[in-house]
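Presented below is the structure to which this report refers.
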Amino acid sequence: MSSFNCVPLIPMEMRTEFPLNEYNTFKVEAAAARYVRFDSDDEIVDFLGRNALAGHRHLVLGAGSNLLFVDDFDGIVLHPLLKGIHVVEEDRRHIWVRAMAGENWDDLVAFAVTNGWGGIENLSLIPGSVGASAVQNIGAYGTEVKDVIDRVEAISIASHKKVTLLPEACGFGYRASHFKDRWAGAFIITAVVFKLNRKPDFFLDYPGVKAAVEDLGSIDLQTIRRAIISIRQDKLPDPARIGNAGSFFKNPVIDGKTLDRLCQRFPDLPHYPLGGDQFKLAAGWMIERCGWKGKCVGRAAVHDQQALVLVNLGGATGREILELSERVSRVVLERFGIELEREVLVVSL
Ligand code: EPU
C-alpha cells in the first residue's frame, strides 16, 4: 500500500455558536448554531460522507452579500472557501477560465481585464463570491454572467458526488437560477468555468456607460472597468462602509397590458422591453416616487442615492431591515399595484 493512502483525513472543524456579523454585508448581528468552512472539494465530500447534515437545516454561504439574517441560524452553515483561478482551455477566439467558488468575484473580473479577456468587465465591483455569481446570475449594465458561464461544478448534497452542470440545465434568468428554486439546498458549488473572449465585443448600450467610458479616453476593457467602477461608486453604497446587500428587490417584469394601464397613470414610468410581451420596470423609480428614497425607520434606511438599496445605518437588526422592506413593498403595491419581489435571501427561523 502506498504511504499516502495511510494519511488520515483531517476532520474539518465544526464550530458552534459561530458569529456571522462579519459574514453578511448588511453587518447585522447573527450567529450560526454550527459552522464549517471548506478549503477543498475533497473536504466537502468527506464531510457529507459522514452524514453530518442529517437532521439539520443547512445554508451554503458565499460572501454574504445577498443575505439578510433576521434570526440566528439554527442549522449548519457550510462555507466553501475554495481558492484558485486557472486557464483550463483556449483556442484562437476564447479562453476558458476555471475559478473556484470561494474566489472574490471582482478579483476574477480584475484578472480577466488585466489579461485582456472580455465578457465580465461590465460586472466589475459586484460584491460577492464566484460561487454565488452563478446562483444569483449576477447582472449589471446590460450583461449577465449566464452569458459567459460554460459550466458549473458542484457537489450533490444527496449523493456526495461531484457533478458538472451545463448552463442550459441551470434555469438561468433575470437574477434567477435553479440553485435558488428547484435545486435550493441541493448542491454546493465548488467552481465555475467561464468562457471569455480574446477579442471582446463591448456592451456599452446601458444609459450612461458609453459616455463614462469615452470620458476616460479609448474604449477598451480597462476603461470600461474603470467607468463601471466609478458609476457604481457614485450610486451604490460601499458595503465596507455602510451595511447593505445591493438591490434589495428585483425590478418587476410585467406584460404589455399592465404596462399600458400603468403608463396612463404614470406617463414617465421608466420601462424596458425584454422581448415578447414582457417589460421590466425600475423598482427604484417607483420607490422614489412613493417618497421613500432616503427615509429611515430606526437604524434601517432606504439609500439616498439609489432607492432600490436598503442600508444599515449602524446597529440595525435584520428584523428592522425586513420591516423597512415590508413597508416599502406595501407603499409600492398601494400606489402602483405592483408586488415587489425580494432579490435578497431572508434567512429566518
Ligand atoms: N431610479 C430612480 N430612482 C432611484 C433608483 C433608480 O429613479 O432611486 C431610476 C433610474 O433613474 C433609472 C432606472 O431607475 O431610470 C434604473 O436605475 P439604475 O440604472 O440605477 O438600475 P436599477 O434598475 O435600479 C439594476 C440592478 C443593479 C445594477 C443596475 C445597473 C436589479 C435588481 N438591480 O438596478 O444590480 O447594478 O441595474 O445594471 O436588477 C444588484 O443586483 O444588487 C444591483 C445593484
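Note that ligands are numbered from 1 as they come in the structure, with each ligand's atoms numbered from 1 the same way. Here the structure is a predicted model, which is why all the values come from computation and not from measurement.
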Residue part near ligand 1, for Glu288, under 4.0 Å between non-hydrogen atoms = side chain
Less than 4.0 Å is my threshold; does some heavy atom of [X] fall inside it relative to ligand 1?
| X | value |
| --- | --- |
| Tyr272 | yes |
| Arg232 | yes |
| Lys280 | no |

task = Run the salt-bridge test on Lys83 and Asp39 with the 4.0 Å N-O cut-off and return the result as yes or no.
result = no
query = Given Ser124 and Arg225, is the side-chain hydrogen bond (donor to acceptor under 3.5 Å, both in side chains) satisfied, shown in steps?
reply = CA-CA 6 Å; Ser124 290; Arg225 174 167 165 77; 3.1 Å; yes
request  = Can you confirm whether something in the protein, heavy atoms only, sits under 4.0 Å from atom 11 (O) of ligand 1?
outcome  = no
query = Is atom 27 (C) of ligand 1 close to the protein, meaning a heavy atom under 4.0 Å from it?
reply = yes
I want to know if ligand 1 touches [X] in the polar sense, i.e. an N/O pair below 3.5 angstrom.
| X | answer |
| --- | --- |
| Ala307 | yes |
| Gln305 | no |
| Asn251 | yes |

request  = Kindly state whether the ring of His79 and the ring of Phe38 have centres lying under 6.0 angstrom apart.
outcome  = no
